[in-house]
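Chain letters run A, B, ... following the sequence lines, proteins first and then strands; every chain starts at 1.
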Protein chains: 2
Amino acid sequence: MSDKEREDFLRVAGPAREAAALLAPLPRSAKDAALHAIADALIARSPEIVKANEIDVARARENGTSEYMIDRLSLDEVRIAAIAAAVRQIAQLPDPVGEVVRGGTLPNGLELRQLRVPLGVIGIIYEGRPNVTVDAAALCLKSGNATLLRGSSSAYDSNTALVGVMQEALARTEVPADAVQLVPGTSRESVKHLMRARGLVDVLIPRGGASLINSVVEESTVPVIETGVGNCAVYVDAAADLDTAVAILVNAKTQRPSVCNAAETVLVHAGIAADFLPRALDVLRAKGVTVHGDERVRAYGADVVAATEDDYLAEYLSLDIAARVVDSLDEAVEHIRRYGSRHTEAIVTTSQQAARRFVALVDSAAVMVNASTRFTDGEEFGFGAEIGISTQKLHARGPMGLPELTSTKYVVTGEGHLR
Amino acid sequence: MSDKEREDFLRVAGPAREAAALLAPLPRSAKDAALHAIADALIARSPEIVKANEIDVARARENGTSEYMIDRLSLDEVRIAAIAAAVRQIAQLPDPVGEVVRGGTLPNGLELRQLRVPLGVIGIIYEGRPNVTVDAAALCLKSGNATLLRGSSSAYDSNTALVGVMQEALARTEVPADAVQLVPGTSRESVKHLMRARGLVDVLIPRGGASLINSVVEESTVPVIETGVGNCAVYVDAAADLDTAVAILVNAKTQRPSVCNAAETVLVHAGIAADFLPRALDVLRAKGVTVHGDERVRAYGADVVAATEDDYLAEYLSLDIAARVVDSLDEAVEHIRRYGSRHTEAIVTTSQQAARRFVALVDSAAVMVNASTRFTDGEEFGFGAEIGISTQKLHARGPMGLPELTSTKYVVTGEGHLR
């Protein structure tokens, strides 16, 4: 870690801290006006954003990046318009800051209120998609927080252009331009300054794959909110309705396999396996899914690949699924406890008792009863937007909307009260 | 870190994890019965607890420990009865687990509920007082969590006896005895296993001085809740009522100087300094308080010691206070931002406008208006009990009661809902 890199980091982190103090007490109207100014500027300056993005895309092609990743990286005027529209949508959401979470008058007459306040400075460490740059900054701004953005080096030119446009837009509003900052540098070392910036940064939110998230958790002295690793299971109970079970499994696995709330494992009660598995395997096969099953699953399909422990642990994010026959609901719960990532699990059952037991015993951010795992999502939950899905227990768990980007403060009012 | 120490740690951490899974779904009645069983056993077996404590006290005397610290370490039957009474009081508090924090029916008919659930396994790292052993275990148990206790080596025999009594009491209840565990070992190294036990331990709460808390924050990969460091300020506004200001300052400084919510700094508006400071210095002097003031404060008292930057940063926990004259409310806020620990600050003023501005700009866990800083406390806030006072922004901020020892889980119920 060179001194130069540290200086570069402090050159953005210091002003972000100052900006956070100015931003925190601003009323909703000032923040919404700033968000609309950002949206306007993104539209007006989309040609230059596209030009910067072309540099990233050309570099990615030179490096032999896959077409899938290049698609995620690419921006055009249509995509920029969608990003701007998302910013305007965030402006329309209620402001969480100032909400009274708890309040009342104490027996001694003191008036106690617990209010939502911004967290302060939020660091976002993320991967390829440049739309995250704007989306994260807008969510943080709406909730009164300054943002330090550390995107992928592959999107550096795009991110530089996007942050430049946002800062210039903010300079014409009541929100300080320094409230949105790109962390300089593209080296693996330079991100360490962000992870060790306790006191300057209030929370880090890594968004990306398991290895990114693990390295941030391991190295950071700043509090971290872990997001997004999803090894989700669908449990088909003995008392499941067969049509419902097949439909939920197929939806959870195939509707969008690359996302964290897609199913990666199916656990089938032995009592229904003979009815369920032949049908389920047929439909999964038709959808192009490779099933990695234990011995008892393989008895129902010659094309089922033998599963290993690694399959039970895998977040495939592809058209693969691990499958296992269990002798009881409790065995399913035990499998989930041992191999799952505690993101989302689903039970398909007509039994109220089974549903109740599964909900009580499964320790995941979200538990679905007769619904697809794909519903674990801020938009689906009605939050209007989400910054990620927390898979940790501290502070926030599950989809994180604007209230999850706040802390609280107690305000106690008396008339000379003493102890 | 020896393999032996690691094995010793896993021998308690593994069973605690298993116990947490069994404890989490238990109803309130089972947990309350277990708490009363613990209280009964503490009373019945207080002679052997006292005997174990005598070993700690004798060792402390040999080591030349101060009488103040020996008093904090000492247990007798009266103190044990008070500890047992506190456990019974925790049994009487409402159970936070299962509370629906948010809920409703989504437009597509899915029923969404966000429920409070236990955090899982909570590690408590603390210093001399053995009552914390029982208090922390009881609060964690009531909120459905297993506890890994790591007290001071100075209280090791007392803690071993207390945990033994609690475990034997639990063995006759529905709560698994393994839900309360003492982390073996007394070396500085052995605590590292607890701090690096990500996946086995869900949260660490260090309770103690600044150096303990800093070392836990620096070294832990388990999420940490910082507690208790309090460099609290009282700001006497230009529009303060003089009697109120003197009374609040004296109460905040002298009513119990050794605690985190005692005042360590007084900031006086220049417009009221000539009226306020002579009176305040007289009363503080009479109470035995040493004032460490800037030049403008020293003009009012020959016995005011010259303040340094270190005084502004100090958490004295003694009959000392830093004092400074400021030219505006904003200068007071700036001082607090620069030197404070964001625990509790108070303003004394009759001006509604000044109170509103101070509350909006001061970024502390608690802000008092015309009340002593000493009110930042779980009991005073009506929480019935507290495990500590969080000075961080993530998860919990300010006094932490039982709800702060929980996470949440989303339960989503449908009838075959697909995306």
Side chain, backbone, both or neither: which part of A:Glu404 has a non-hydrogen atom closer than 4.5 Å to chain B?
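A:Glu404 touches chain B through side-chain heavy atoms alone.
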Structural part of [X] lying under 4.5 Å from a heavy atom of chain A:
X: B:Asn108; answer: side chain
X: B:Pro399; answer: both
X: B:Arg337; answer: side chain
X: B:Thr244; answer: side chain
X: B:Glu380; answer: both
X: B:Asp243; answer: neither
X: B:Ser364; answer: backbone
X: B:Val362; answer: backbone
X: B:Val348; answer: neither
X: B:Val411; answer: both

For chain A, the option from B:Gln114, B:Glu111, B:Glu226 that forms the most heavy-atom pairs under 4.5 Å
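Of B:Gln114, B:Glu111, B:Glu226, B:Glu226 has the most heavy-atom pairs under 4.5 Å with chain A.
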